[in-house]
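The structure under discussion appears below in the form of structure tokens.
Numbers restart at 1 for each chain; the letters A, B, ... are given by sequence-line order, proteins then strands.
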Amino acid sequence: MRRRLALLMLALCALFAAPVLAEDSLPPAPYAYRQLDDPSQEAKAKALMDTLRCLVCQGQSISDSDAQMAGDMRNVVRMRIAAGEDPEAIRQWLIERYGDYVSYEPRVTGLTWPLFAAPLVMLALAFLLLRKRFTGKDAA
Amino acid sequence: MSDTAAKAPRWAIWLPLALFAGFFVLVMFGLLRPASHDVQSAMIGKPLPPFNLAPASADRPGLARTDFAGKPRLMNVFASWCVPCAAETPVLAELAKRGVEIDGIAIRDRPQDLALFLARNGNPYARIGADNVREVQLAIGSSGVPESFVIDGKGTIRYQHIGEIRPDQIDMILGKLAEAAK
Amino acid sequence: MIAELGLAALWLAAALAVLQLVAGALALTPRGAGMAGVVRPVAMVQGVLALIAFAALILLFCQTDLSVKLVAMNSHSAKPFIYKLAGTWGNHEGSMLLWVTVMGLAGGFVALVERRLPEPTMLATLAGQAFVSIGFYVFLLFASNPFERLPQPVVEGQGLNPLLQDIGLAFHPPTLYLGYVGLSIAFSFAIGALVTREVGPAFARAMRPWVMGAWIFLTVGITAGSYWAYYELGWGGWWFWDPVENASLMPWLAATALLHSASVLAARNALRAWTVMLGVVAFSMSMVGTFLVRSGILTSVHAFAVDPKRGSFILALLAINIGGALILFALRAATVTEGERFTVTSRESALVFNNVMLSGALGIVLMGTLYPLLAEAFGAKVSVGPPYFNPMTALFALPMLVVMAIGPLLNWRRDRFARVRARLIVPALLAGAVLLWLGLSSGIGLLPLLGLGLAAGLVPASLMPLRGRNLRRTPLPVWGMVVAHLGVAVALFGMACDSAYTVERLVAVRIGDKTEVGPLTVTLKSIEPVAGPNWTALEGEMLAAYLGGEPVALRPQARSFWAPPQQTSESALLTRWNGQLYAVLGEQAQDGRWQLRLWWKPFVTMIWLGGLMIALGGVIALIGRVVSDLRRLIARDKIAYRRERQGR
């Protein structure tokens, strides 16, 4: 498959637009481009949407995407937040449907723990390598 | 300058190379694996969530969770604005001819567009629900059109097919349906 | 004709690179010493030939020569001239040609001016540069020939992605590439130093300006890329932790660490093996980044030459270059001692801390970028995004920034904290006051809170190295450091402000409706169709009044390009000293109202201002170093001349 050749360019969904992803003509979902009236609820929704992956243009979060699917996902998130659901419960609801892939926030699991152990390992490594580099005495 | 004799330990000197070797093996795997951007639903083996969609076309009833009882059915997620969906219709017609009951979920479709689509490509569906904000599509973990789900008699999702069903896949789909009937 | 000329130049350049490698390697043996004189001229001519090939490709794009496959696939006769030019590097083949051109020019430039290193090390360095170049020449000539002709010229080209048809992005790739590929010099210097075992202050002093030059371009390139993504993508985000962004950040982190460790090596003859290692790592990260971007093995918003065959080719180059360099390192590093020791409270120590933290951040970015691939090897799909990268890199960045406030005040070798304490009181009090005030008053997130507090302390702290100095006698490199560190504080302030205080308004309005966003009142005045050279658009005219003042017009557009067909939204920006209004025109709803997306982003411009200040600091330091080197050279010549006269 020869896609258009392009370097260091952001090409959003439109470029991936194989016919499969052709966009429809219905208006966007009610809460795709509309904020919740309660600012604290909207802030919660926004924080969650920033960390959910758009399933159509897979390199973007749903809060950064013009894809209809992202709009529909924002709609679901905002409706559920408005209904009083906890953001993490909504994340969980989506993970149950799409797997961990849909969330940009990796969970600590048997597979992902090295991601979270990495800082400690690196610091330990630095300590091991550096401990002989210092002379014991500071200037008096 | 007695201090200058300090050297890095032997293991540390080889560590970068070892890390690079690990990187190399990892990306080799990445290059060899078939490229796929499909997102599998995590709902396979789980029951359909409750839903009740209004009819999308004048001559077919809508679709509800409660319709999935008795024998296994094929649930086709499609849209009139999707080109592969049109290409898929003869295959769906063939499946319907062989006795498969097919239900449609029309994603974000205007009634007039859908009517035109069905008139042009035929209508293999027993029921068609209108999913205008992708409510059901998101609830079953589907991420595009067309996708087809094999649903068994208890309403459990047994199989997800991403993309259009090609003619040579008819037997495979029939097999999945037969498996779901057991 | 031009295409054939370009191809011929490319072949010649490749042949000269082979000669450069062979002659350089032979010259290092006792018998081949006669070859030594050839290497430098060959390196220069090779650079010129590569430049000729690149110029030929630019010419083909400017003429829209549709008999050349690359032009036909990436250009269009109706495109504005500037984007025809930018089309040269806006594709795989052209950018690889730019890659070898930069490598050739950098090598040629080093051959021309660098006289500080012992000659054998210089020869080994140039041979190393040629070695790496050859791989990329082979790649170009056999797998990505930019000059390939079509059997039949086509009537019209396929055009360039409209998102790239933007002045900001037109010059983003070349800038980034000068940085990316310029780091090859550091790599070759490291190889040269390892081959001849000449790792010492002279090596660090010789390498530093070259790394600095590449790093400046890299800094500007990343800053520009971030600003481009910000205004072009239409949602106000400026960093997404996308694999391709990470690919440019990783060499930057390594190069930044290298600059700091090189100053330890230059001044104190310590951290020898580590500095060499960083020289190898920095350019390796450039190559790894290129591989990740071109092979398409990671999911990214960027569309690229996704071609597994190319991926395999670049991976093979990676294995040869990086693997080879690391083996050489492992074999030679055993004989390279780490050099002088130092106490915990010393300038060296602060710089080591900086290096550990930068390397840690690099490790986090690399790991987070690759982890989805690793998970896939185990049959699972995971995503690693901002919720991982933000706190994890902050874990390394924030302590590093605290030390950045202290380090420049410390003496080399050994010092006492008590000596510098007085100069840190003001920054510490300021940081503490801001933390306390914001922590108690507003409910902003932990990371933005820490960022703001730290930025408040860093601004005065980064100026402290100037205190007590005669400003007119302060060496330029010190000024450079101060400006760069101040830039870090400014950028940090912008990032924290943007993430803590951005106001978002998504509204559907009719003509004449008013919307409040932050301190601004925005009125939609009209929507008119407009046409550009290769697009049509709907243009909204908005009037934005800052705190009830005189309204200013903004004109966001929703553009439709036709070659290739694509929609883009052109945001409109209104910049005030304390922030930016970001306006996007969306679609018209069925009831006739227009969707608007408006953001008030306080101090967001500080992010890129900070980025440019960091680069400017580099420029100042570089000028300082070059000037002092020149002075030394002139002084040496004078002495030599005087001796000669006296001798007569």
*Which atoms form the tightest heavy-atom contact between B:Leu31 and C:Ser295, and what is the distance?*
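That closest heavy-atom pairing would be CD2-CB, 3.9 Å.
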*For B:Met28 against C:Leu315, the heavy-atom pair lying closest together*: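 Smallest interatomic distance, heavy atoms only, reads SD-CD2, 3.5 Å.
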Decide if atom [atom1] of [X] counts as having more than 12 heavy atoms of other residues, nucleotides or ligands within a radius under 6.0 Å.
{"X": "B:Gln169", "atom1": "CD", "value": "yes"}
{"X": "C:Gln588", "atom1": "CD", "value": "yes"}
{"X": "C:Gln590", "atom1": "CD", "value": "no"}

With rounding to the nearest 0.5 angstrom, report the [atom1] to [atom2] distance, [X] to [Y].
{"X": "C:Phe291", "Y": "B:Phe23", "atom1": "CZ", "atom2": "CZ", "value": "5.5 Å"}
{"X": "B:Leu17", "Y": "C:Leu331", "atom1": "CG", "atom2": "CG", "value": "9.5 Å"}
{"X": "C:Arg332", "Y": "B:Ile13", "atom1": "CZ", "atom2": "CD1", "value": "13.0 Å"}
{"X": "C:Leu373", "Y": "B:Phe29", "atom1": "CG", "atom2": "CZ", "value": "6.0 Å"}

*Starting from the C-alpha separation in whole Å, work towards a yes-or-no answer on side-chain contact (heavy atoms from CB on, under 4.5 Å) for B:Trp14 and C:Leu326.*
CA-CA 8 Å; B:Trp14 290 96; C:Leu326 291 178; over 6 Å; no
*Does the pair C:Tyr371 and B:Leu26 meet the rule for a side-chain contact (heavy atoms from CB on, under 4.5 Å), with working shown?*
CA-CA 10 Å; C:Tyr371 216 83; B:Leu26 178 63; over 6 Å; no
*Tell me, out of C:Ala325, C:Ala270, C:Ser284, C:Ala319, who's got the most heavy-atom pairs with chain B below 4.5 Å.*
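Of the candidates given, the most pairs with chain B belong to C:Ala319.
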Using a 3.5 Å cut-off and no angle test, enumerate the donor-acceptor pairs between side-chain atoms of residues 360-369 of chain C and protein atoms at least two apart in sequence or in another chain.
| unit_1 | atom_1 | unit_2 | atom_2 | d |
| --- | --- | --- | --- | --- |
| C:Thr369 | OG1 | C:Asn246 | ND2 | 3.0 |
| C:Thr369 | OG1 | C:Val365 | O | 2.5 |

